[in-house]
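Note that these values count all heavy atoms, side chains included, but never hydrogens, waters or copies made by symmetry. Since the model is a prediction, treat every value here as computed from it, not as a measurement.
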Amino acid sequence: MRYDDWMDQERESRPRKRRPSFLTRLLMRLLLMVVGALVVMWAYKQISIQAVQELTNISTEAQQRMRDKAAKPVQEPIKHDEAIKQFQQQQKAELAKRQERREIAWRQFFTPAPECLRDATVECANAYIRAKRKFDEQYRD
């Protein structure tokens with residue numbers, strides 16, 4: 001027996017596979033398309049849920065940042081205004097001390113003549129002006 005004959009016998013001894021009918025093949029393809037569509041829809045739904053969660057988180061964080069920013073400006077100007085007032089008060093106090101020291105130094109520097117205390121004359125005014133100019137040139141705080 002030759003090989004070809006033997007193969008022919010083998011093929012004939014096996015039950016012949018029947019090809020599915022047109023309707024069966026159509027239904028199988030339809031079933032695969034439906035399953036594929038369901039998988040795509042499920043994946044789309046999962047992606048949508050994840051996107052909504054991320055947007056919710058971002059929105060919550062943004063709202064929290066806005067609340068924090070809204071709370072800060074109310075507190076900062078108060079602190080800023082208080083600091084300005086305190087600085088102004090310190091400046092006024094320092095200026096008053098300087099003026100007091102300058103006045104004490106002027107009294108020590110210039111004592112008017114007894115005649116000038118009695119009568120205000122042009123000569124007394126000129127002496128006062130010359131002394132004041134000299135004092136202003138020499139005085140350093």
Side-chain angles (χ1 to χ4, degrees), residues 2-141:
R2 290 183 341 170
Y3 177 77
D4 291 334
D5 294 335
W6 179 76
M7 283 301 286
D8 288 338
Q9 269 185 348
E10 280 295 315
R11 277 189 214 131
E12 289 173 5
S13 67
R14 283 190 224 153
R16 242 179 158 197
K17 289 185 178 178
R18 233 175 107 206
R19 186 173 178 188
S21 70
F22 173 76
L23 186 60
T24 307
R25 286 182 288 161
L26 183 66
L27 287 174
M28 281 199 250
R29 287 181 183 156
L30 185 62
L31 180 65
L32 284 174
M33 287 172 39
V34 168
V35 169
L38 288 174
V39 168
V40 168
M41 288 173 51
W42 178 81
Y44 180 76
K45 184 179 178 183
Q46 294 300 317
I47 290 170
S48 298
I49 290 171
Q50 185 179 4
V52 167
Q53 288 173 346
E54 287 179 19
L55 288 174
T56 304
N57 291 341
I58 290 170
S59 175
T60 305
E61 290 171 4
Q63 288 174 351
Q64 185 62 37
R65 276 189 255 123
M66 289 176 68
R67 281 189 216 118
D68 292 345
K69 283 183 180 179
K72 282 182 183 179
V74 172
Q75 295 170 355
E76 288 178 9
I78 293 171
K79 292 178 183 177
H80 184 67
D81 291 343
E82 289 174 5
I84 289 174
K85 286 178 184 177
Q86 186 178 10
F87 178 74
Q88 288 173 343
Q89 290 173 351
Q90 289 174 350
Q91 292 295 318
K92 286 179 184 178
E94 188 177 324
L95 181 62
K97 287 178 184 177
R98 283 183 176 181
Q99 288 174 343
E100 183 67 28
R101 286 193 303 260
R102 185 176 178 93
E103 188 63 34
I104 292 170
W106 169 246
R107 281 190 226 134
Q108 291 172 352
F109 181 80
F110 176 74
T111 50
E115 305 88 39
C116 292
L117 291 175
R118 281 189 311 243
D119 297 323
T121 62
V122 175
E123 294 169 2
C124 291
N126 288 339
Y128 178 85
I129 291 171
R130 283 191 296 272
K132 187 71 171 169
R133 286 182 184 160
K134 188 174 182 182
F135 174 77
D136 288 340
E137 288 175 7
Q138 292 178 355
Y139 183 75
R140 299 284 179 250
D141 192 28

K.L.:
Rounded to the nearest 0.5 Å, what's the gap from CD on Gln63 to CD1 on Ile58? Could you check?
P.N.:
12.5 Å
K.L.:
Is the count of non-hydrogen atoms from other residues, nucleotides or ligands lying under 6.0 Å from Lys132 atom NZ greater than 12?
P.N.:
yes
K.L.:
When you compare the side chain of Arg25 with that of Arg19, does any pair of heavy atoms fall below 4.5 Å?
P.N.:
yes
K.L.:
Using a 4.5 Å cut-off on heavy atoms from C-beta on, say whether the side chain of Arg98 contacts that of Arg101.
P.N.:
yes
K.L.:
Which pair of heavy atoms, one from Asp119 and one from Cys124, lies closest together, and at what distance?
P.N.:
O-SG, 4.0 Å
K.L.:
Which residues satisfy the side chain to side chain contact (heavy atoms under 4.5 Å, CB included) test with Ile129, sequence neighbours excluded?
P.N.:
Arg133
K.L.:
Can you find a pair of side-chain heavy atoms, one from Gln50 and one from Gln46, that are under 4.5 Å apart?
P.N.:
no
K.L.:
For Leu95 and Gln91, what are the C-alpha separation, side-chain angles and deciding distance, and is it a side-chain contact (heavy atoms from CB on, under 4.5 Å)?
P.N.:
CA-CA 6 Å; Leu95 181 62; Gln91 292 295 318; over 6 Å; no
K.L.:
Could you give the distance from NZ (Lys97) to NZ (Lys92), rounded to the nearest 0.5 Å?
P.N.:
15.5 Å
K.L.:
Calculate, to the nearest 0.5 Å, the distance between atoms CG and OG1 belonging to Leu55 and Thr60 respectively.
P.N.:
10.5 Å
K.L.:
Say you draw a straight line from CG of Asp4 to CD of Gln9; how long is it, rounded to the nearest 0.5 Å?
P.N.:
12.0 Å
K.L.:
So how far is it from Gln88 CD to Lys85 NZ, rounded to the nearest 0.5 Å?
P.N.:
9.0 Å
K.L.:
Is a donor from one side chain sitting under 3.5 angstrom from an acceptor on the other, for Asn57 and Glu61?
P.N.:
no
K.L.:
Give the C-alpha distance, both sets of side-chain angles, the deciding distance and a yes or no for side chain to side chain donor-acceptor pair (under 3.5 Å) between Ser59 and Thr56.
P.N.:
CA-CA 5 Å; Ser59 175; Thr56 304; over 6 Å; no
K.L.:
Going by the rule ring pair (Phe, Tyr, Trp, His ring centres under 6.0 Å), which residues pair with Tyr139 if we only count those two or more places apart in sequence or in a different chain?
P.N.:
Phe135
K.L.:
I'd like to know if Arg102 pairs up with Asp136 as an ion pair, taking the criterion as any Lys NZ or Arg NE/NH1/NH2 lying under 4.0 Å from an Asp or Glu carboxylate oxygen.
P.N.:
yes
K.L.:
Between CG of Leu23 and CG of Leu30, what distance do you get to the nearest 0.5 Å?
P.N.:
10.5 Å
